[in-house]
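Whatever order the structure lists ligands and atoms in, that order sets their numbers, starting from 1. Note that the structure is a prediction, hence the values are computed from the model and not measured.
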Amino acid sequence: MADRTFYVTTPIYYVNDAPHIGHGYTTTMGDVLTRWHRQRGESVFYLTGVDEHGQKVLRKAEANGVDPQEWVDGLVEREWKPMLATIDVANDDFIRTTESRHEVGTQAFWERLRDRDAVYKGEFSGYYSVSSEEFVGDDDVVDGEGDDEGFKISSLDGSRVEHMTESNYFFRLSDYQQQLLDFYEANPDFIAPASARNEVISFVSRGLTDLSISRSTFDWGIRVPWDDDHIFYVWIEALLNYVTAVGYGSADSGDSERFERMWPADVHIVGKDIVRFHAIIWPAMLMAAGLPVPHRVFAHGWILVGGQKMSKSKANGIHPNQIVETFGSDAYRYYFSRALTFGNDGSISWEDIGARYHAELANGLGNLASRVAAMVGKYFDGVLPAAGPSTPAEDAIIELVATATADADAAIDAIAPQDAVAAVWRIVDALNGYVTEQQPWQVAKDESQRERLGTILATTAEGLRALAVLLHPVMPKATVVLWESLGAVDAIGPLADQRIADAPRWGQLPAGTPITKSPALFPRIDLDVAEPGA
Ligand code: MSP
């Protein structure tokens, strides 16, 4: 499947506010995953973007006294696009749902479903949650308590709901119950992890009702082409971004070829709050249209701050800038990849970021790199020595790099970035242990052991070379600095061209390569000074 493109998406985020690290988390993990696939030499397409329509965005714009288009334009340029640079994301496209490619594709899609008799007109009377932009069935509505006293609450996510009666178009979602259940059974990997899969199956097993696909009481949305009084309900147009971004519905034949080539997506990465939309409504829409269903939907858990789900409304929303300004984008990416288990909820704290930064990045990796460069400088005038005969200690390192690489590669296929980073970190730990045991500074005192000293330093440098390749998807900037300090650009070629599978191949850095001492990869940080608000 050489010409297949590995196509990964994030949710498109509501532009009602600035991003926080919950959004940053999904986007970073997708980026680590896709950068790893690129580093394997695969063709990759990584899509992210923003969801600009709907009542939530409209109300926020109105509350600020601005026209909704002006509101989203401002936030997208000031906040959402810059976030990608802040956390060093290499996305291939950025879709906005106010773009005409999305509008055209959305209208074409729903015309097609209407032609196939999957759409009818009716009246909706029931509950709606503006905060999650979701219709909520009567059985899922409860009386609020505490702060929510006097309000009706959605038991699906705790958000407040409003009662509404509206003329709507409906999609015959209920027709797809059995087809969906059969599909989940035939494709056990479609929804991961198992907790998300079980939730979806039990939800669908309880029965599906037809879904409103249009709204008629406000006009911030995409116009329903056959009825000027309606706009599309935000979710059923937002989901279509995954196909409109790759050419669906365009009149251009180049675009339709591109769509054929790219679709279906390999993985939709989503937070667990929105797995039901992606694993129920979305495949049913595609089935109704006669289009292939994506291969996988991966639902990750919540980032908890102070034990609570982080969100802007709780005022515990942390902007990615707050962490990146202190620790840098590499450490940010490393922390979220390593410290949380993708698929589970996980708590983060400033102290924990600081502790891992110092123990693992500054002392673990940074120190190793600077010690090796310093010793090659001191004992070999900054020129990499030749390795002499290997002893079991070197054989063990070479063997470990091979198994750690294979384990990390398998973890990426399992969408377990934390296991991939942990596997690679076995190399960091092993190399530090190797240097401590081999004591090159002692060996250097004995002139007759020059060759042995060369072997130790060449082995450690080779280990660092492999680490630069394997950690490039996680820490794109620091690994380039490391690569340059190893003299690898001239000796081997650009870091981005190195392949994961080739990382364990020993002896790539030739003797005679100039090794230079770089600035500290991860300088120590005075955390008492750095913590925001401290
Ligand atoms: N616009 C919809 C998605 C449409 S996709 C076709 C939406 N947007 S959102 O802005 O609310 O973003 C939700 C996503 O943000 C979650 O699915 C998750 O990826 C991320 N997160 C938001 N808060 C989060 C945490 N506290 N923790 C982890 N991820 C979080 O829903």
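For R172, the salt bridge (Lys or Arg N to Asp or Glu O under 4.0 Å) test picks out D117, with sequence neighbours left out. Residues passing the salt bridge (Lys or Arg N to Asp or Glu O under 4.0 Å) test with K309, sequence neighbours excluded: none. Evaluation of the salt bridge (Lys or Arg N to Asp or Glu O under 4.0 Å) rule for K272 yields D345 as partners, not counting sequence neighbours.
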Show me a pair-per-line table, with atom names and distances to 0.1 Å, of protein N or O atoms that are under 3.5 Å from an N or O of ligand 1.
{"residue": "ligand 1", "atom": "1 (N)", "partner": "I12", "partner atom": "O", "Å": "2.8"}
{"residue": "ligand 1", "atom": "1 (N)", "partner": "D51", "partner atom": "OD2", "Å": "2.7"}
{"residue": "ligand 1", "atom": "10 (O)", "partner": "Y14", "partner atom": "N", "Å": "3.0"}
{"residue": "ligand 1", "atom": "17 (O)", "partner": "G271", "partner atom": "N", "Å": "2.9"}
{"residue": "ligand 1", "atom": "17 (O)", "partner": "D273", "partner atom": "OD1", "Å": "2.9"}
{"residue": "ligand 1", "atom": "19 (O)", "partner": "T26", "partner atom": "OG1", "Å": "2.6"}
{"residue": "ligand 1", "atom": "19 (O)", "partner": "G271", "partner atom": "N", "Å": "3.3"}
{"residue": "ligand 1", "atom": "19 (O)", "partner": "H300", "partner atom": "NE2", "Å": "3.4"}
{"residue": "ligand 1", "atom": "26 (N)", "partner": "I303", "partner atom": "O", "Å": "3.4"}
{"residue": "ligand 1", "atom": "26 (N)", "partner": "M310", "partner atom": "O", "Å": "3.1"}
{"residue": "ligand 1", "atom": "27 (N)", "partner": "I303", "partner atom": "N", "Å": "2.8"}
{"residue": "ligand 1", "atom": "29 (N)", "partner": "G22", "partner atom": "O", "Å": "3.4"}

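Results of the ring pair (Phe, Tyr, Trp, His ring centres under 6.0 Å) test with Y233 over W220, Y169, F170, F135 single out F135 as the only residue that passes.
Residue D147 places its CG atom among 12 or fewer non-hydrogen atoms of other residues, nucleotides or ligands, all under 6.0 Å distant.
A donor and an acceptor atom, one from each side chain of S129 and S132, are located under 3.5 Å apart.
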